Structures are given as structure tokens and as C-alpha cells.
Amino acid sequence: MSEERPASELSLAEQVANRREHREEIRRMGLPAYPNRFALTHLVSRAVEEWSPKDAATLEAMPEEKRKVRVPGRILALRRMGKKAAFLDLSDGLSRLQAYVRTDAVPEADWKIFETLDLGDHIGVDGVVFRTKTGELSIKVHGLTFLSKSLRPMPDKWHGVTDVEIRYRQRYLDLIVSPETRRTFEVRAKLVGYIRRFLDARGFLEVETPMMQIIPGGAAARPFVTHHNTLDLPLYLRIAPELYLKRLITGGFPKVYEINRNFRNEGISTQHNPEFTMLEFYTAYADARDQMALTEEMFAGAALEIHGTTELPWGENKISLAAPFQRLTMKEAAIEYGKNLRSGPITEEDLSTLPALRKTAGRCGIEDVERFGDVSGKLLAEIFEAVAEEHLIQPTFIIDYPAEISPLSKTRPDDPGIADRFELFIGGMEVANGFSELNDPDEQADKFRAQVAEREKGDDEAMLFDEDYIEALSYGMPPAAGEGIGIDRLAMLFTNSLSIRDVILFPLMRPRGERR
RNA sequence: GGGCCGUUAGCUCAGUGGUAGAGCAUUUGCCUUUUAAGCAAGGGGUCGCGGGUUCGAAUCCCGCACGGCUCACCA
């Protein structure tokens, strides 16, 4: 095993070859290199939790019988003190625990196992918990079991995985060496768990509706296209579950929700991944205001349960999820955040007529104003997004959306031009979108027709006419309010992650050509 | 798709036209309570890819690939 290797041999290949040879040594000892099972008493993090409160004297005073443990873990550090003793750090991905192995404390065969070990290998140790003279909690090893081989070297022990590309493409490496990454995904899981319990406790039924749809609806977005072979049927990955969930409200479920993936064939950014997780929930007999109140309660409750506070750090800022959240109409927000515009402040008049809106949009740097045609609602929304969205750091409900850009929403009883709709912005991101659901089948059909007309004018994100949905509505859907919440973005807020890719385990990446 | 930045050893990075470097990892030797263990000696490189300029290119120029940020569109 120490023979000379040709100088031309690559360093990585050499390291892999060494590790394969070490694995062969395990097999030559008659041991399985990949055993099926290890009967543990503690995972590393549980052992640390249990023993770290006890100091050296306390541990010393306890009988060895009570300090016996059997712990598996991945070796993340190995400090050999000559040929007769060594310290190794075992990790379960969350915590680390040191093990102390010495030749006179383990059977000869186990020492032979130890001598084959490489960084990254999995082992199990039998031993007794103690503290070294520097006070480090450790296991004095009396027995050692080989559990699995790492044939490739671990990432840099000090820097970890700093290359974001490797972090996303090889998330497992990031997770092995970065407890913060592990924590991010644990917080995400807790968040989703909290939301489920929150809704379940309020009588919502969790359902699953088609991800593959014949008519992609419920949102303004471009879909992914696929095909069913035996039916010879073009299918679309859903852009939203909305229209199916409302069929269920029609079907008599008073409260339903779904947490699942949506797919939108759009660009990728720090706030967008082509597949993303959305919560949609619908409450019969409620309106947009009720959904807003429920949202405030949900977010504040989740923050309290997960972080013990409603104050969350967000980059340089601190976000308060304490209810109630601020409410601004879209126009108010555009005026408020448009007042320092270089070309002069935005006034009420600048937002009141089509020509004024076009002029204002131009002033906000929105290009090709003509593409919005004569739809003044689109212009207002564009202006709002241009001047206000990024400034909405604290939770803010934006209300009074133009009806023209809200074809699935009821309008306000006092103004058919304004949708009874809201969007919630936090940290400069759109986190939620909800409204009182349009349930008049004739009005819905008219709005679908208007969408189809938009599509014919070149808006490829405009909705399609869904006849089956109109038929469902025509049987009578009770009044209801619905809302969608971007789970990934909410997870960003809860983990202070400024990129959506940091809260998605395997974000979409272009395949790498030169790798095998 | 546009703009900016990046790509050098397995990892993290230095190297502004003149023989390809450091730390960690790896290999060998010493060390039985260390902890980014230590000490000593080695091995490991198509400098992202392809062209060009030059006596000479990791370095300058052009193109391409991949990645990040950002703008545009969306949640």
C-alpha cells in the first residue's frame, strides 16, 4: 500500500485508490464494508444533548455502566497521536462528538479497522463518556464497527463548501459539513408542519389536486408542456391548483388546503425557481379580509413557535411578524414610494387616467409601455411594482387591486373596477396573494373571454377559457375566499436566506457538460 | 436575453508577460488527552475550453462554456 505511484497519476485518483485499498483491507479482515445495521444507543446530537451539561467531575463520579454508549457517525476530523492513539470527530450532520481511540483500550482487530479509516467514513463506536483534560466531551472507545466507506475526499475541513455551485448541485456535501444548511431545512420543515397543524386545527381538509392538467389555469404564467402517450393527450404541469380547489368548495368541502408544487416556465432568480411550493387554502363563507386576519395569525404563530419571537432578522433589517400587518391600497403604495422619484413625485392624478398612467410608467423606467395596451390596471400594477415592491420590508397587505388583472376575483360591491383582493409583501417579496373568489359563472365566463382576447393580442400569460370550471361554478359555489402563500419565500424569511436556492434542497441547475 | 464579476492542485485561495505557488487534504517518518493538534520529508496541475498577439501567455485580445449577482418577466 505504500508502493511508488507514477508521477502522472492525478491526486484525486490517487486518493480514491488509497481509499479503495483501505476498503479492501476491511474486506480482507472478513468484515462487511457495508454492513446492514448498527444497534445504537444515541445519535451524536442526542449524546451531546444528554451529556454536555455534565462536567468532568460529575462524569468521573458516575459508574462506567451508566456512561456506556454506542454511537454511529461520520468521521469529519482525525487527529492521530502517533501510532497508538487518536482523536476523531464523529458527526450526525447536526452535532459533533469526539471519540478517543487508543491501542490498549480496544481489541486488536478493532485497532486494525481504525488504521484503515479515512475522513468521511462512517463508523460506530462502543465506549464510555468522559471529558478530556481540556474539558472536551468525548467517548473513550472500547470497540469500533466499520459502517460505510467514503471513496472520495471530504470538502475542506475549515472552509466547508463555499462554492455555491457545489452547494446546490451536491447538496449532500453541503449538508455533511454545514450544520447551518441542515438547520435551514429543519426550519423549513417545522414551518410547513406548523402550517398544516394550524389549518388542520381550524377545520381545513388537506387535499391533493392534479399536477398534470389539460387546461393550465389559476394564475397568469407560462406552463411546462408534457404529453400522455396512451391517451395521446397534451398535458401541462400545473401553474396553480386554484381552479380544482374551488371545484372542491363547490363540492361541499367548506375549508380545503393544498401544499404542493407549482411549475412555471419562467426565469430563474433569487426569488424564482421553476418548481416551487405553494400553499393554497380556501374558506367558504369568508372574504378577503378574513383571509388576511388568518394569515396574520398563522405567520405570527409560526414565528413564535419556531423562533420564540415575532421579530426575524432579514439581511440588514429586522422584520416584525406581529399582527396586525400594515394595509395600503395599491395606489397609496405607488404614491408613498413614488414621492422621491427623480422625475418628480407620483400624484393621485398621475394614476387616474390611461394617458397619465402611460406617462407615469415611462417615468418609472418601464420600457415599451405600449405592450400593456389600454389595460390601465396592468400599468398601475407595473408602476406599483417598479416603485414600491422592494421597499415593502415590513409585512404589508396591498389591497384594491385593479379588477382587470384579477380575473378570478370578485370585485368590490361598491366599485366593479376594483378587485376584493390583496397581496402580502414581506422583505420586498410577494409572499401571498388572496381574494374573495368570483363565483358568478356568467361573470367568470366574461372574464375568461377577456383573458382569451388578451392572449390573442399577444399576452402569452393570459388565461385560457376553462369550460369545465364554468360548468362547476354554474352548480353554485358558496361565497368563499382563497389565498396562495409561497412556501419557499416564507422559508427564506424564516431562515434569513436571501436566495430561494438556499431553501430548496435541489434547485434547478443547468446540467454540467464535462462531468460524467 | 442584456450588463457586471468569476473559473489556477481534491478543497480554500495567491500569482499583471519570463521555470506554476501557499494552507488544508493526501503519502512517508516521529509523537498514548489532541482539537483548524504539532514537527519533518514527498507526490499531485490540459492554469474552464478554443483561437489570436508575442521570442515567450495563468497573465494581453477575441469567441465559447459554466457559475454568481443584477436588469427584464413571474409568486
Side-chain angles (χ1 to χ4, degrees), chain A residues 1-19 56 76-89 96 98-105 118-120 130-136 138 140 152-169 173 177 219-222 239-240 262-280 365-368 371 381-382 385-386 389 423-425 429-433 459-461 484-490 492 498-501 509-515:
Chain A
M1 76 195 195
S2 58
E3 81 270 18
E4 294 293 317
R5 293 181 186 283
S8 61
E9 197 168 311
L10 295 172
S11 173
L12 175 60
E14 198 172 52
Q15 293 193 41
V16 171
N18 285 335
R19 287 163 178 263
L76 288 189
L78 185 47
R79 298 177 289 277
R80 292 176 201 261
M81 318 301 298
K83 282 217 154 35
K84 293 177 178 171
F87 293 93
L88 32 92
D89 291 352
R96 287 189 182 207
Q98 177 171 273
Y100 177 50
V101 191
R102 43 191 291 171
T103 183
D104 55 12
D118 293 297
L119 288 180
F130 78 112
R131 281 187 188 271
T132 62
K133 66 183 182 193
T134 56
E136 172 98 8
S138 308
K140 193 170 288 175
R152 289 168 179 268
M154 289 289 105
D156 188 280
K157 70 174 174 182
W158 188 240
H159 300 92
V161 180
T162 55
D163 181 341
V164 287
E165 186 180 351
I166 293 176
R167 254 178 37 215
Y168 301 144
R169 286 188 195 276
L173 287 180
V177 297
R222 289 197 298 264
I239 54 175
N262 289 347
F263 307 86
R264 299 192 185 173
N265 210 337
E266 307 282 353
I268 295 172
S269 78
T270 47
Q271 291 178 37
H272 300 85
N273 195 60
E275 56 176 309
F276 62 101
T277 302
M278 181 115 117
L279 159 69
E280 283 203 11
I366 294 162
E367 288 164 21
D368 190 14
R371 71 195 145 115
E382 285 290 324
E385 282 172 24
E389 183 167 348
E423 287 194 359
L424 173 59
F425 292 83
M429 300 184 290
E430 183 187 336
V431 171
N433 174 23
D459 182 351
D460 54 5
E461 289 181 351
I485 293 176
I487 294 295
D488 312 273
R489 289 182 180 175
L490 196 57
M492 289 167 69
L498 300 189
S499 170
I500 199 168
R501 293 180 151 193
M509 303 281 281
R510 195 192 298 268
R512 192 149 56 173
E514 71 276 11
R515 269 187 98 84

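Being a predicted model, the structure only gives us computed values, none of them experimental. Every chain is numbered from 1, with letters handed out A, B, ... down the list of sequences.
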| said: Could you walk me through whether A:Thr277 and A:Asp488 satisfy the side-chain contact (heavy atoms from CB on, under 4.5 Å) test, starting with their C-alpha distance in whole Å, then the side-chain angles of each, then the deciding distance to 0.1 Å, before giving a yes or no? | reply: CA-CA 6 Å; A:Thr277 302; A:Asp488 312 273; 3.8 Å; yes

A:Gln15 has its side chain closest, among B:G10, B:A75, B:U32, to B:G10

Checking B:U34, B:U27, B:A75 against the side chain of A:Asn18 (C-beta onward), the nearest is B:U27

NA contact type, A:Glu423, heavy-atom cut-off 4.0 Å: base, sugar-phosphate, or nothing?
nothing

- Query: How far, in whole Å, is B:G48 from B:G67 if one measures between their C1' atoms?
  - Reply: 11 Å

(request) Report yes or no: is the ring centroid of A:Phe276 under 5.5 Å from the six-membered base ring centroid of B:A75, with the two planes under 30 degrees? (result) yes

Legend entry - Side chains of A:Met429 and A:Leu490 in contact at under 4.5 Å (non-hydrogen atoms): no

Checklist line | Distance, C1' atom - from B:A14 to B:A9, rounded to whole angstrom | finding: 13 Å

Q: Examine distances only and state if a side-chain atom of A:Asn433 and a backbone atom of A:Glu423 form a donor-acceptor pair shorter than 3.5 Å.
A: no

Regarding the side chain of A:Arg489, the nearest nucleotide among B:U32, B:U34, B:A75 is B:A75

Base B:U27 paired with A:Glu14 side chain (donor-acceptor, <3.5 Å): no

Regarding the side chain of A:Tyr100, the nearest nucleotide among B:C73, B:U32, B:A25 is B:U32

Say whether, by atom type as modelled, one donor and one acceptor occur between the side chain of A:Glu266 and the main chain of A:Arg222 under 3.5 angstrom. yes

Against the side chain of A:Arg79, the closest entry in B:A25, B:U35, B:C30 is B:U35

**Message:** For a side-chain contact (heavy atoms from CB on, under 4.5 Å) check, start with the C-alpha distance between A:Phe276 and A:Arg489, then their side-chain angles and the critical distance, and finish with the verdict.
**Reply:** CA-CA 9 Å; A:Phe276 62 101; A:Arg489 289 182 180 175; over 6 Å; no

Looking only at B:U33, B:C69, B:A75, the nucleotide nearest the A:Phe130 side chain is B:U33

Ranking B:G67, B:U33, B:U32 by distance to the side chain of A:Lys84, first place goes to B:U32

Does A:Glu136 reach a base, just sugar-phosphate, or nothing at all? Heavy atoms under 4.0 Å. base

Among B:U70, B:U34, B:U32, the one nearest any side-chain atom of A:Thr270 is B:U70

| Reckon A:Thr132 has a side-chain N or O less than 4.0 Å from the OP1 or OP2 of B:U35? | no

Checking B:U35, B:U27, B:C66 against the side chain of A:Gln98 (C-beta onward), the nearest is B:U35

Review point. When only distance counts, do a donor and an acceptor, one from the side chain of A:Asp156 and one from the base of B:G23, lie under 3.5 Å apart?
Key: yes

